[in-house]
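Structure first, commentary second.
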Protein chains: 2
Amino acid sequence: MEDSSRIAGPRMRADARRNQGRILAAAREVFAEHGIDAPMATVARRAGVGVATLYRRFPTRDALVRAAFAHQMQTCARALTEALTDPDPWRGFQRLFETVCELQREERGFPAAFVAAFPDSTAGHAQARERTERDLTTLVRRAQAAGALRADFHPSDLVVALLSHCGLVTALPHDSAASRRLVAYLLQSFRAEAAHRPLPPPSALSLRDVPIAADGSQRQRSSRA
Amino acid sequence: MEDSSRIAGPRMRADARRNQGRILAAAREVFAEHGIDAPMATVARRAGVGVATLYRRFPTRDALVRAAFAHQMQTCARALTEALTDPDPWRGFQRLFETVCELQREERGFPAAFVAAFPDSTAGHAQARERTERDLTTLVRRAQAAGALRADFHPSDLVVALLSHCGLVTALPHDSAASRRLVAYLLQSFRAEAAHRPLPPPSALSLRDVPIAADGSQRQRSSRA
DNA sequence: ATGTAAGCGGACGATGCCGTCCACATAGAA
DNA sequence: TTCTATGTGGACGGCATCGTCCGCTTACAT
């Protein structure tokens, strides 16, 4: 599989490059307002280009979605790296979680993209994904070794927490207080001293089999845009 | 606003009543498989009736969705009543939460319906809704008075928790372990003894303004069924 | 200044779903 | 058995979106 969108290379006409930028900006706006299912034509119109241009640059909707939120994805990746280098393991863990949730909260449309892009992403390549998986595990183990994160915490719990937060901000896009509350509750229950009782067994979820493109649907609401 | 679907009354032809049943069963199946956005025609076909019959009985998709999951909604309502009468306030609280989450986990399609129907539902009338709201608050206060539920817990937190759980089971429809884990984490963080640190302010969410039908969209995934 | 390859835009046919309309069927009363 | 109100099915017109095709435009190398 090649890179989803033709990346702005050196051999690209200036106007083409400009349009690519406009398209991505428009996509972010439109996806934020109408969800990632918004008509492609809407994005094109907002960008001030024709549909053909849009399709030439981003052959599929997924490619567009992924490109539009690539920056946020990178921010997530960077946050993970930073978390690993934090001298205080718990603070690293906490910050990662809070940063990702904040991103989901503030960039509307991103949560949907986050969930949608999960299977093959956090950059696109299985290699990057495995790295992410490994780093997450390291982050968890470190925080546990420091006695801050409860011993029965499983790396997949982090994904579970992030996905449920996605769901919340999707259902209540304007209620950042709700999001903050959930984050606070979850973080508290992840602390070692909160481990009063045993937990049920963790999800078998190896980050790799999150929400396959298959099965499709399972939409959140029934109303149309 | 009248009742969404013509209820099976005494003056209904036997075949009509039979068809109504088949439609509801088909709707549950189809919604579970393809999400609540599945084409109406699919439901009709599966039920072995014509589209016209479907539309006559359920003029809008929402009416169908609500009727299809009315039973689950009633189970929720009943669980709330039972929770209030439980001699152990915390156990009542815990059971309510677990029961609703179990329902969301097991009846695929129900989470979406749950979120979608929230604004005007838990029966349909504002009256019933207010009653629900009041009962929830009572449940929370009782559990707090018993010293089991943390004092800074706000009734809206229950909605926040349920909505995030909805999001999780929507993203991972087959992973009940993940759902159970989330429920366990949340319940632990709701306990009074977990209140190590203060929480951010609660959501202004008065159950009434949950996920308005307006705005629309904000779908979870981009792929089509 | 000029030629041309890269880029552009919008019209267009295809597809899929919606919701109605109407000619036909039948349950059940008389 | 007969009659009719109630119920039925599927065809059909309408609409939105998809993604492609092709003739025109323009950046930029020479």
Side-chain angles (χ1 to χ4, degrees), chain A residues 4-27 30-31 33-65 67 213 216-217 219 221-225, chain B residues 4-27 30-31 33-65 67 116 213 216-219 221-225:
Chain A
S4 43
S5 82
R6 172 127 147 233
I7 207 67
R11 288 295 145 248
M12 197 174 181
R13 256 168 57 170
D15 53 343
R17 185 189 303 253
R18 193 172 347 114
N19 279 337
Q20 173 140 324
R22 292 162 140 242
I23 288 173
L24 288 175
V30 170
F31 289 158
E33 284 174 32
H34 306 294
I36 59 176
D37 277 350
M40 299 290 262
T42 305
V43 175
R45 204 178 328 120
R46 169 102 47 142
V49 306
V51 257
T53 303
L54 176 51
Y55 278 108
R56 188 172 326 105
R57 221 51 80 186
F58 307 98
T60 70
R61 162 180 252 97
D62 258 21
L64 178 58
V65 169
S217 67
R219 262 59 177 281
R221 304 213 65 259
S222 70
S223 69
R224 310 246 159 326
Chain B
S4 43
S5 81
R6 173 131 147 231
I7 204 70
R11 287 297 144 248
M12 196 175 183
R13 252 166 59 170
D15 54 343
R17 184 189 303 252
R18 196 175 342 119
N19 280 338
Q20 171 138 325
R22 291 162 141 241
I23 289 173
L24 288 175
V30 171
F31 289 158
E33 283 173 32
H34 306 294
I36 60 177
D37 277 349
M40 297 291 262
T42 305
V43 175
R45 204 176 330 117
R46 169 102 48 143
V49 306
V51 256
T53 303
L54 177 50
Y55 278 108
R56 188 173 327 106
R57 221 52 81 187
F58 308 99
T60 71
R61 164 180 249 95
D62 259 20
L64 178 59
V65 169
S217 67
Q218 214 55 287
R219 262 57 176 285
R221 303 213 67 259
S222 70
S223 69
R224 311 244 162 324

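Being a predicted model, the structure only gives us computed values, none of them experimental. For the numbers below, each heavy atom of this structure counts, side chains included, while hydrogens, waters and symmetry mates do not. In what follows, chains are A, B, ... by sequence order, proteins preceding strands, each numbered from 1.
One can place CZ of A:R61 at 17 Å from P of D:dA16, the figure rounded to the nearest angstrom. Atom CG in B:D15 sits roughly 15 Å away from atom C1' in D:dT4 (whole-Å rounding). The distance between atom CZ of A:R22 and atom P of C:dG7, rounded to the nearest whole Å, is 16 Å. Across the protein-nucleic acid pair, A:R45 atom CZ and C:dC8 atom P stand 19 Å apart, rounded to whole Å. Taking atom CG on A:D62 and atom P on D:dC18, their separation rounds to 13 Å, with Å as the unit. The distance from atom CG of B:L54 to atom P of C:dC18 is 10 Å, rounded to the nearest whole Å. Here the C1' atom of nucleotide C:dT20 and the CZ atom of B:F58 are 18 Å apart, to the nearest Å. To the nearest angstrom, C1' of D:dG9 lies 14 Å from CZ of B:R57.
When each of B:T60 and A:G48 is assigned the nucleotide of DNA chain C with its nearest heavy atom, A:G48 is the one assigned upstream, toward the 5' end. A residue-by-residue look at A:V49 and B:M40 shows that A:V49 has its nearest nucleotide of DNA chain C further toward the 5' end. Comparing A:P39 and A:V51 against DNA chain D, the residue whose closest nucleotide sits nearer the 5' end is A:P39.
The phosphate of D:dA27 (OP1 or OP2) has no side-chain N or O of A:R17 nearer than 4.0 angstrom. Residue A:R56 places no side-chain N or O under 4.0 Å from the OP1 or OP2 atom of D:dG19. For C:dC8, the OP1/OP2 oxygens have a side-chain nitrogen or oxygen of A:N19 closer than 4.0 Å. Distances shown here put a side-chain N or O of A:T53 below 4.0 Å from the OP1 or OP2 atom of C:dG9.
Distance from the side chain of A:Y55 is smallest to D:dC18 among C:dC8, D:dA27, D:dC18. Of all nucleotides listed (C:dG7, C:dG9, C:dG28), C:dG7 comes nearest to the side chain of A:A16. Nearest to the side chain of B:R13, among D:dG9, D:dT6, C:dC8, sits D:dT6. With C:dG9, D:dT8, C:dA5 as the candidates, the nucleotide lying closest to the side chain of A:A52 is C:dG9.
Proximity of A:D15 to A:R18: side-chain heavy atoms (C-beta onward) are separated by under 4.5 Å at one or more points. Side-chain contact between B:M40 and B:L64: present, with at least one pair of heavy atoms (C-beta onward) separated by less than 4.5 Å.
Taking the salt bridge (Lys or Arg N to Asp or Glu O under 4.0 Å) definition, one finds that A:R22 meets it with nothing, sequence neighbours left out.
Looking at every heavy atom in both residues, A:F31 comes nearest to A:V43 through CE2-CG2, 4.3 Å. Shown here for B:V30 and B:R46, the closest heavy-atom pair between the two residues is CG2-NE, 3.8 Å.
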